[in-house]
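Encoded as structure tokens, the structure appears first; notes follow it.
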Amino acid sequence: FADICFTSTTIPKMLWNIQTQSQVITYAGCVTQMYFFLIFGGWDDFLLTVMAYDRFVAICHPLHYTVIMNPRLCGLLVLVSWVISVLNSLLQSLMVLRLSFCAKVEIPHFFCEFNQVVGQACSNTFLNDMVMYFGIVLLGGAPLAGILYSYSKIVSSIRRISSAQGKYKAFSTCASHLSVVSLFYCTILGVYLSSAAPQSSHSSAVASVMYTVVTP
């Protein structure tokens, strides 16, 4: 559901632009797209972390899995992820509303990505940049640290498995998730952490396609 909503914030509008050969979006439409993009992107981010924890419990504590990962905890993890994503998106969107833009702005992207929109503002964006980087560290760094910790424990457990078949089974449980995590974080952190440095809009758009379309 999160992935469907995440892609639905950008792909239909992109396809409409291609079909009509019109690349216009209203200011309200741009802010709305940003708001929902940040919600579902952040939710995806946290769910990937929750999935890493799920695999950690399944491999490192298999006999206690059903007790630890009970429906109540799963529901709570999803709810907390959703609430944090909504609050972050609301804060970032309200910060954009305080900026002033020229009458006609051209965004070198296929959707209203947050850092691209902020970069087009005519007013001072220092506060927006600080909030954006704080959000990256808090909402990107903390979940990534959780994923890395979970996988460090998983690798340690897999190494203790004696049979090759057992190791393969444990690794295959994590392979798809690990590939998605790598693709998601490498591209999204590349786009946002390099926003202060000069880069081509084409390479930024290609990286954005990887985490907004390919990963989901």
Side-chain angles (χ1 to χ4, degrees), residues 1-48 82 85-129 131-133 135-136 139-140 176 179-216:
F1 175 75
D3 282 338
I4 289 170
C5 293
F6 186 39
T7 54
S8 296
T9 59
T10 57
I11 305 307
K13 176 62 177 173
M14 181 186 73
L15 295 175
W16 175 258
N17 290 344
I18 294 171
Q19 176 67 25
T20 61
Q21 293 296 305
S22 172
Q23 299 176 342
V24 177
I25 187 169
T26 62
Y27 175 72
C30 190
V31 173
T32 303
Q33 189 181 59
M34 265 193 307
Y35 175 72
F36 286 106
F37 176 81
L38 289 171
I39 284 180
F40 294 112
W43 201 21
D44 240 6
D45 176 28
F46 282 110
L47 288 179
L48 287 173
W82 170 255
S85 300
V86 169
L87 292 176
N88 172 65
S89 178
L90 188 62
L91 173 62
Q92 301 284 8
S93 300
L94 289 174
M95 290 295 293
V96 170
L97 291 176
R98 61 178 284 276
L99 296 175
S100 58
F101 295 88
C102 302
K104 190 176 181 181
V105 176
E106 184 175 332
I107 301 171
H109 220 290
F110 67 93
F111 73 99
C112 292
E113 188 157 38
F114 180 73
N115 63 331
Q116 295 283 347
V117 174
V118 171
Q120 299 297 320
C122 300
S123 54
N124 192 310
T125 62
F126 176 77
L127 190 58
N128 292 75
D129 291 336
V131 173
M132 181 180 73
Y133 289 124
I136 291 171
L139 305 181
S176 60
S179 61
V180 169
V181 166
S182 303
L183 191 61
F184 183 83
Y185 275 100
C186 288
T187 52
I188 197 169
L189 290 177
V191 168
Y192 279 89
L193 292 180
S194 63
S195 61
Q199 60 172 343
S200 72
S201 57
H202 179 263
S203 60
S204 176
V206 169
S208 296
V209 167
M210 297 305 287
Y211 77 85
T212 58
V213 183
V214 178
T215 301

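Positions are given from 1, in the same order as the sequence printed here.
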Check: Ile4 main-chain N/O paired with Thr7 side-chain donor or acceptor under 3.5 Å: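 Such a contact is found between Thr7 side chain and Ile4 backbone.
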Do the side chain of Thr187 and the main chain of Phe184 share a donor and acceptor less than 3.5 angstrom apart? yes
Excluding sequence neighbours, so at least two apart, what forms side-chain hydrogen bond (donor to acceptor under 3.5 Å, both in side chains) with [X]?
X	result
Asn128	Arg98
Asp129	Thr125
Ser208	His109, Glu113

[X] to [Y] - nearest heavy-atom pair and separation:
X	Y	answer
Ser100	Ser123	N-OG, 3.1 Å
Lys13	Val24	NZ-O, 3.0 Å
Ser85	Gly42	OG-C, 3.2 Å

How far does [atom1] of [X] sit from [atom2] of [Y], to the nearest 0.5 angstrom?
X	Y	atom1	atom2	value
Trp16	Ser22	CH2	OG	9.0 Å
Trp82	Leu47	CH2	CG	10.5 Å
Leu99	Gln120	CG	CD	11.5 Å

Sequence-distant partners of Val180, side chain to side chain contact (heavy atoms under 4.5 Å, CB included), two or more places apart: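 Expected list: Leu48, Thr215.
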Restricting to side chain to side chain contact (heavy atoms under 4.5 Å, CB included), what partner residues turn up for Ser179, sequence neighbours left out? none
So do the side chains of Thr212 and Phe110 get within less than 4.5 Å of each other, counting heavy atoms only?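 SC-SC contact between Thr212 and Phe110 confirmed.
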Side-chain heavy atoms of Leu91 within contact of Leu94, under 4.5 Å: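 Of all side-chain heavy-atom pairs linking Leu94 with Leu91, none is under 4.5 Å.
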Could you go step by step and tell me if Met132 and Phe114 meet the side chain to side chain contact (heavy atoms under 4.5 Å, CB included) rule? CA-CA 9 Å; Met132 181 180 73; Phe114 180 73; 3.5 Å; yes
Test log, rule side chain to side chain contact (heavy atoms under 4.5 Å, CB included), inputs Val118 and Val96: CA-CA 7 Å; Val118 171; Val96 170; 4.2 Å; yes
Atom pairs and distances, donor-acceptor, side-chain atoms in residues 29-40, under 3.5 Å, two or more places apart:
from: Thr32; atom 1: OG1; to: Ala28; atom 2: O; distance (Å): 2.7
from: Gln33; atom 1: OE1; to: Cys112; atom 2: N; distance (Å): 2.8
from: Gln33; atom 1: NE2; to: Thr9; atom 2: O; distance (Å): 2.9

Would you sort out whether Phe1 and Phe6 count as a side chain to side chain contact (heavy atoms under 4.5 Å, CB included), showing the intermediate values? CA-CA 8 Å; Phe1 175 75; Phe6 186 39; over 6 Å; no
